[in-house]
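Have a look at the structure below, then the notes.
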Amino acid sequence: MTQSEMPAFPESYWHDSVKFPTFSKVEGTIKSEVVIVGAGITGITAAYHLSQQNVKVVVLEAGLIGNGTTGHTTAKITAQHGIIYDEFIQHFGLEGAAKYYKAQSEAKAYIKDTINKLHISCDYKEEDAYIYTNQDNYLSTLEKEKAAYDQLGIEGEMTNHISLQVPHKAALIMKNQAQFHPLKYLKALVEECTKNGVEFYENTTAMDMEYNTAPAVITRDGHRVYGKHIIAASHFPFYDKESFYFTRMYPERSYIIAMKAEDEYPGGMYITAESPTRSIRSATINGETIWIIGGDSHKTGQGKSTIKHYESLKAFADSHFRVKDYIYRWSAQDLTTMDKMPYIGAIKNTDASIMVATGFRKWGMTNGTIAGKILADKILGVKNDYASVFIPSRFHSDPDLKKFMEINADVAKHLLKGKLEFTDNSIEKLQPDEATITRIDGQRTGVYKDKHNKLFAVDTTCTHLGCEVEWNSGDRSWDCPCHGSRFSITGEVMEGPAKKPLKQRKV
Ligand code: FES
């Protein structure tokens, strides 16, 4: 069995294989009917849908299009979102759970129709989806989930044999799901949007909102982009309007490796019922099959050294498959709401002009697509049958209250832990491509030494609400354990809710 090494630096295969057109940043004042913040699958689907109806749309992207979560997913187009339907029936009733399922199925149909209509070559392939287990105590959980499928009319079946060469005792199949190359798809949508008159701007961070005569997004450079409707599709909503999204969601990071193998890929898309999650699908590069294996998620900024998560996935692949070569590794950040249902809709009941879409719990391809469609429908005045189940202002005593306490107790713990921690590590002992946390003039400071022995030092106090960031060795970033903000080695914001960079410090 080959024991090839993983790539030294993280890079998503999706990202590496597609080149997007580039766009300038916002300069000066812009006026539009709709302003969309975030050019991932949600924002671009909404822009595409609206532009087909001749609505004037501006899309603002903080970085470059394709660099965000959509470019770092496993890109399964499925309504099988782990074991969820039995739980959703308990919390939202049959009607609510059925709406969630139908919304995902409609998203899949929307993607397929769009691919056919625009003749997009994006490696779309229909596959059955499997949740499998090798643990006795998950057998009844899978049976219960199958009963939920039956109640909701989901086409599925139990089996005790899957073709993937992994130990398993049973699996639950959801038929006729799909996979694709997410960025080939998005690139085609961006091109179509551009033809329809949508204006895209990159390197433009939305910092705040202002209400005078009309709502305006204020950019980091102080420019204003006016619109009658604003869509926050920025993963973490760039604007909160006292809705306290950071107290109602928790961030997780998960990891993906891509490899070539001697084994023939057996078809299908797989995910484990138990933790640590292993999520498996195939893709093709120049006609050659590659295996994509994801999982090992954990709360952002918490737990073991992040490179270990990649190593766990590699150990899994090495022990079950005949690996030829590891060709990519990358990671993703995802947000989960208190009841696991995404927030899609008006930011507040009292303000329909600003809308959000967030909390997709790792299932962004279908949730992002349906979110784009729901928000565009709202602007177009078209009734959308699924919108009611996603309303962001909902709050149920069960399970929300319990989860709310859990999320915020964890934040309080990390806020204190970071402040009280003893940190007196020596910078002298740092090896190239290593980081440490130390004290400089009594201030907690994060120091990274790059491959050329250059040191980068930042104040580790997160600019969101003051927790202390931790080093992410797998992706070389400073990650906040409280609400998941991430910062580069020079302190620039990579993920919100923080908007301001970490202070740089002298070493
Ligand atoms: Fe909220 Fe850091 S304190 S993300």
Q) Salt bridge check: are Glu127 and Lys175 linked by an N-O gap of less than 4.0 Å? A) no
Q: Report the C-alpha separation of Ser254 and Lys362 in whole Å, then their side-chain angles, then the decisive distance to 0.1 Å, and conclude whether the side chain to side chain contact (heavy atoms under 4.5 Å, CB included) test is met.
A: CA-CA 9 Å; Ser254 54; Lys362 302 186 179 71; 4.0 Å; yes
Q) In terms of the angle between their ring planes, are Tyr130 and Tyr270 parallel, tilted or perpendicular, with boundaries placed at 30° and 60°? A) parallel
(Q) With no hydrogens and no angle check, just 3.5 Å: does a side-chain donor-acceptor pair link Thr78 and Gln104? (A) no
Q) Is Glu202 reaching over with its side chain to a backbone N or O of Phe23, donor-acceptor style, under 3.5 angstrom? A) yes
Q: Check the surroundings of atom NZ in Lys500: do more than 12 heavy atoms from other residues, nucleotides or ligands lie under 6.0 Å from it?
A: no
Q. For Glu468 and Thr460, does a side-chain donor sit closer than 3.5 Å to a side-chain acceptor?
A. yes
Q.
Between Asp296 and His309, is there a side-chain donor-acceptor contact under 3.5 Å, judged purely by atom types and distance?
A. yes
Q) Does any donor atom in the side chain of Thr461 or Lys503 lie under 3.5 Å from an acceptor atom in the other side chain? A) no
**Q.** Given Phe456, Phe487, Trp478, the one that forms ring pair (Phe, Tyr, Trp, His ring centres under 6.0 Å) with Trp471
**A.** Trp478
Q) Taking atom types as modelled, is there a side-chain donor on His483 or Thr247 under 3.5 Å from an acceptor on the other? A) no
Q. So, Arg278 side chain and Leu313 main chain: donor-acceptor pair closer than 3.5 Å or not?
A. no
Q: Look at Asp385 together with Lys102 and state whether they make a salt bridge at an N to O cut-off of under 4.0 Å.
A: no
Q: Could you verify whether a donor N or O on one side chain and an acceptor N or O on the other, from Glu106 and Tyr386, lie under 3.5 Å apart?
A: yes
Q. Looking at Phe9, is Arg476 sitting on its ring face, NZ or CZ under 6.0 Å from the six-membered ring centre and within 45 degrees of the normal?
A. yes
Q) Without hydrogens or angle criteria, can the side chains of Ser477 and Asp475 be said to hold a donor-acceptor pair below 3.5 Å? A) no
Mind listing the side-chain donor-acceptor pairs of residues 34-49 below 3.5 Å, one per line with the distance, residues two or more places apart or on another chain?
unit_1: Thr45; atom_1: OG1; unit_2: Ile41; atom_2: O; d: 2.5
unit_1: Tyr48; atom_1: OH; unit_2: Gln52; atom_2: NE2; d: 3.1
unit_1: His49; atom_1: ND1; unit_2: Tyr110; atom_2: OH; d: 2.9

Q.
Run the ring-ring contact (aromatic ring centres under 6.0 Å, His included) test against Phe88 and tell me which residues pass, sequence neighbours left out.
A. Phe92, Tyr100
(Q) As a test of understanding, state which of Trp14, Tyr13, Tyr310 forms a ring pair (Phe, Tyr, Trp, His ring centres under 6.0 Å) with Tyr328. (A) Tyr13
Q. With under 30° as parallel and over 60° as perpendicular, where do the rings of His298 and Tyr255 fit, or are they tilted in between?
A. parallel
Q. Should Glu33 and Lys56 be marked as a salt bridge (charged side-chain N to carboxylate O under 4.0 Å, His left out) after you check the CA-CA gap, both sets of side-chain angles, and the distance that decides it?
A. CA-CA 5 Å; Glu33 268 179 88; Lys56 189 167 160 39; over 6 Å; no
Give the table of side-chain donor-acceptor pairs shorter than 3.5 Å for residues 223-231, with sequence neighbours excluded, one pair per line with atom names and distance.
unit_1: His223; atom_1: ND1; unit_2: Gly28; atom_2: N; d: 3.0
unit_1: His223; atom_1: NE2; unit_2: Glu27; atom_2: OE1; d: 3.4
unit_1: Arg224; atom_1: NE; unit_2: Glu210; atom_2: OE1; d: 2.8
unit_1: Arg224; atom_1: NE; unit_2: Glu210; atom_2: OE2; d: 3.2
unit_1: Arg224; atom_1: NH1; unit_2: Gly222; atom_2: O; d: 3.2
unit_1: Arg224; atom_1: NH2; unit_2: Glu210; atom_2: OE2; d: 2.9

Q: Evaluate the pair Cys467, Cys482 and indicate whether the two SG atoms are within a distance below 2.5 Å.
A: yes
Q. Checking side chain to side chain contact (heavy atoms under 4.5 Å, CB included) for the pair Ile115/Ile111: CA distance, chi angles, key distance, verdict?
A. CA-CA 6 Å; Ile115 289 169; Ile111 292 170; 3.7 Å; yes
Q) Would Leu335 and Arg361 satisfy side chain to side chain contact (heavy atoms under 4.5 Å, CB included), going step by step from the backbone distance to the final call? A) CA-CA 5 Å; Leu335 297 162; Arg361 199 176 58 92; over 6 Å; no
Q: For this output row, return yes or no: ring centroids of Phe180 and Tyr185 closer than 6.0 angstrom.
A: yes
Q | Expected output: side-chain Asp128 to main-chain Asn176 donor-acceptor under 3.5 Å | A | yes
Q.
Taking the cut-offs as 6.0 angstrom to the six-membered ring centre and 45 degrees off its axis, would you call Lys112 and Tyr124 a cation-pi pair?
A. no
